[in-house]
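Contents: one structure, followed by commentary.
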Amino acid sequence: MAEQLGSLARTHTCGALRPADVGRGAVLLGWVHRVRDMGSLLFFDIRDRHGLTQVVIEGNEALLETAKRARSEFVVAVIGEVERRSDDTINKELPTGEVEVRASELRILNEAKTPPFSIAEDQNVSEETRLKYRYLDLRRPQLQHNIGLRHRLTMALRKYFDEQGFYEIETPILTKSTPEGARDFLVPARVHPGEFYALPQSPQIFKQILMIAGFDRYVQIARCFRDEALRADRQLEFTQVDLEMSFATPPLVFEIVEGALAACFREIGVGIRRPFRRMPYAEAISKYGSDKPDLRFGLEIQDFGPLFKASPFGIFREAVEHGGTVRGFVIPNAAKYSRREVDELVDLAKQAGAGGLIYTRYTGEGVQVSAKAIGEEGARKALEAAGANKEDLLVLASGAPDHASKILGQLRLLVAKKENLVPAGKWELCWLTDFPLFNWNADEKRWDSVNHPFTAPREEDLHMLESDPGKVLAKAYDVILNGWELGGGSIRIHDRETQAKVFRLLGLSDEDARNRFGFFLESLEYGTPPHGGLALGLDRICALLAGETSIREVIPFPKTTQAVDLMCNAPSTVDPKQLRELSIKNI
RNA sequence: GGGGUGGUAGUUCAGUUGGCUAGAACGCUGCCCUGUCACGGCAGAGGCCGCGGGUUCGAGUCCCGUCCACCCCGCCA
């Protein structure tokens with residue numbers, strides 16, 4: 001039976017006691033971690049989020065009897081005296097290991113069912129089980145640490161932005177659909193049947209309006225919602241460190257954001273080099289086949305197009321003649337790959353969307369190439385141009401330049417993993433710059449914003465805005481860490497005229513534009529300062545700095561890839577009465 | 001929507017060419033133990049082999065379907 005806490009107050013946390021406390025009385029409150037019962041002598045560790053302390057029960061029959069009832073995860077109060085452990089019983093693994101508490105009283109405050117998995121043992125548990133019993137999983141050291149780190153990072157960021165003169169300002173959760181390009185979560189408006197609020201995909205328009213309102217420097221730890229497929233680095237709801245500055249230039253944004261990230265890294269005791277490397281978008285695509293290049297290892301993609309342009313080498317010449325190219329990268333020490341291993345590479349490339357993958361390497365006498373049509377001579381030229389040596393394997397893909405690179409980019413990541421080329425403990429930060437402003441949408445026969453429609457074009461490209469929109473580059477930038485996009489932002493359009501032009505290019509009629517964000521267009525006409533900003537993915541920062549490969553490990557209550565909360569079983573059906581009230585009908 | 005991996009005691013897993021009365025470790029229960037700290041020793045309980053169908057004398061194992069978790073593509077900054 002459980003006993004009451006009464007007016008009992010904790011004197012120390014379970015991680016606090018040290019030799020200096022020897023001789024003092026202590027009241028510890030926490031969970032029973034592990035019991036070691038020796039008959040008439042019994043030890044157990046009491047645990048809270050601060051640590052473990054060993055409790056000794058000895059020489060008191062009633063006390064011993066209570067202690068023998070204790071099981072893992074019971075909640076207990078220990079009242080006793082701090083003792084120094086004899087030299088031969090010190091536990092060097094524990095910060096509290098030089099002392100123990102000799103209990104004079106033990107209260108079982110609450111019993112616990114045997115948990116489905118052990119909190120004390122560091123065992124692998126399937127994510128399904130962990131998510132169902134998230135409250136138990138959160139008790140375990142890994143998540144205790146990750147959630148603690150998340151707190152520290154959040155505090156470090158708040159402190160940093162405060163020091164830089166930013167105001168933290170909240171923006172609405174119930175709002176209007178913003179043009180971020182993802183599916184919106186909608187909330188029916190009860191008092192306006194047939195109308196809906198949208199949850200914010202980001203506070204984009206609000207933060208720009210705050211600039212118009214004169215708030216100069218804004219930051220928000222903002223929850224954002226996007227109804228899209230979930231991934232290791234994507235949840236339906238996620239947290240952005242959203243910021244915006246008036247009179248911002250790209251260098252100013254870089255400086256502020258680099259400072260913020262440096263403050264985060266300081267929390268894990270890592271110093272980072274500043275300024276970060278900068279790379280044009282086009283280079284990232286061609287050399288790494290990705291808009292979030294992982295720069296921790298080489299395997300850089302090279303272009304062999306010119307090599308095959310005037311040469312009689314079948315499929316490659318054809319590709320080049322049709323506006324495509326031939327690209328590839330060298331896998332060091334892979335000449336020894338077996339038939340099965342190279343076939344595996346080809347399969348991976350096909351899974352990535354390649355028509356095929358050609359590989360070539362030096363053999364004892366000559367060169368081997370997986371496609372006869374290339375010819376030995378062509379292969380040799382490519383190997384030479386690539387700077388491959390006898391131990392290397394060169395893989396080649398042909399097609400439209402970006403397509404070839406993206407396939408190779410995916411292959412590059414898989415090869416790096418397979419060959420263990422990703423160094424541990426390395427942090428490669430990089431700015432991606434010079435994004436195109438628009439993408440041609442062939443299906444809809446119009447231009448799409450690469451970022452969002454408020455992104456400013458580079459001033460030197462303004463003259464092409466209407467004549468050659470595909471050539472216009474944006475004042476936009478992404479920050480990348482170890483192949484993860486940490487954040488992105490831009491300088492915004494601050495004049496009504498340019499904004500209207502962009503809307504027109506996006507195929508938005510004046511009427512559509514007015515309907516969707518007329519209020520915003522109007523606000524631009526009341527003295528809008530030039531401004532810009534960025535948003536950082538807090539979940540991703542936490543995950544990377546915690547050494548995790550999924551943001552679920554830094555989110556207390558995440559959802560599965562099927563968008564289900566396994567703990568509380570959301571989503572779920574609702575009472576028909578609620579639907580009626582909202583004028584909603586299932587179809 | 002598509003591709004891949006997995007689903008067997010509470011948990012993590014093993015289970016060969018179809019022969020299973022389904023194993024191991026940890027956990028759990030009981031007993032013993034005065035210096036343990038992953039305590040130790042002895043004994044024991046615990047299974048709809050994800051679910052549904054099929055093939056077969058016989059299915060954890062083979063086939064079809066389906067559900068769930070994870071990874072990737074599409075989608076999403």
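Here the structure is a predicted model, which means the values were calculated and not measured. Labels below follow one simple rule: chain letters A, B, ... track the order of the sequence lines, proteins then strands, and each chain is numbered from 1.
Here the side chain of A:Arg71 is nearest to one of B:G30, B:C71, B:U11, namely B:G30. Side-chain proximity of A:Ala232 to B:C71, B:A77, B:C75: nearest is B:C71.
A donor N or O paired with an acceptor N or O is not found under 3.5 Å between the base of B:U11 and the side-chain atoms of A:Glu121. With hydrogens and angles left out, the side chain of A:Arg226 and the base of B:C75 share no donor-acceptor pair within 3.5 Å. One cannot find a donor-acceptor pair under 3.5 Å joining the base of B:G27 and the side-chain atoms of A:Arg34. Side chain A:Glu58 to base B:U34: a donor-acceptor pair is found below 3.5 Å. Checked by distance alone, A:Arg85 brings a side-chain donor or acceptor within 3.5 Å of a matching partner on the base of B:U36.
When the C1' atom is used for both B:C68 and B:C62, the distance is 23 Å, rounded to whole Å. As rounded to the nearest Å, B:A14 and B:C20 have C1' atoms that lie 14 Å from one another. Comparing the same atom, P, in B:G53 and in B:G18 gives a spacing of 23 Å after rounding to whole Å. Rounded to a whole angstrom, the distance from the P atom of B:A69 to that of B:A24 is 32 Å. As rounded to the nearest Å, B:C37 and B:C42 have C1' atoms that lie 22 Å from one another. Spacing between B:A77 and B:G4 at atom P, rounded to whole Å, works out to 28 Å.
Relative orientation of the A:Tyr133 and A:Tyr135 rings is perpendicular, given thresholds of 30° and 60° on the angle between their planes.
Between A:Glu83 and A:Tyr281, it is A:Glu83 whose nearest contact on RNA chain B lies nearer the 5' terminus. When each of A:Thr549 and A:Phe117 is assigned the nucleotide of RNA chain B bearing its nearest heavy atom, the one mapping closer to the 5' terminus is A:Phe117.
B:C42 is paired with B:G30 under the Watson-Crick or G-U wobble criterion, all donor-acceptor distances under 3.5 Å.
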Between the protein and nucleotides 41-43 of chain B, which nitrogen or oxygen pairs are less than 3.5 angstrom apart?
none

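For the pair A:Pro293/A:Glu428, no side-chain contact is recorded, criterion being any heavy-atom separation below 4.5 Å from C-beta on.
Here A:Phe43 lies parallel enough and close enough to stack on the base of B:U36, with planes under 30° and ring centres under 5.5 Å apart.
Side-chain contact of A:Arg278 with A:Thr433: a donor-acceptor pair under 3.5 Å is absent, judged by distance alone.
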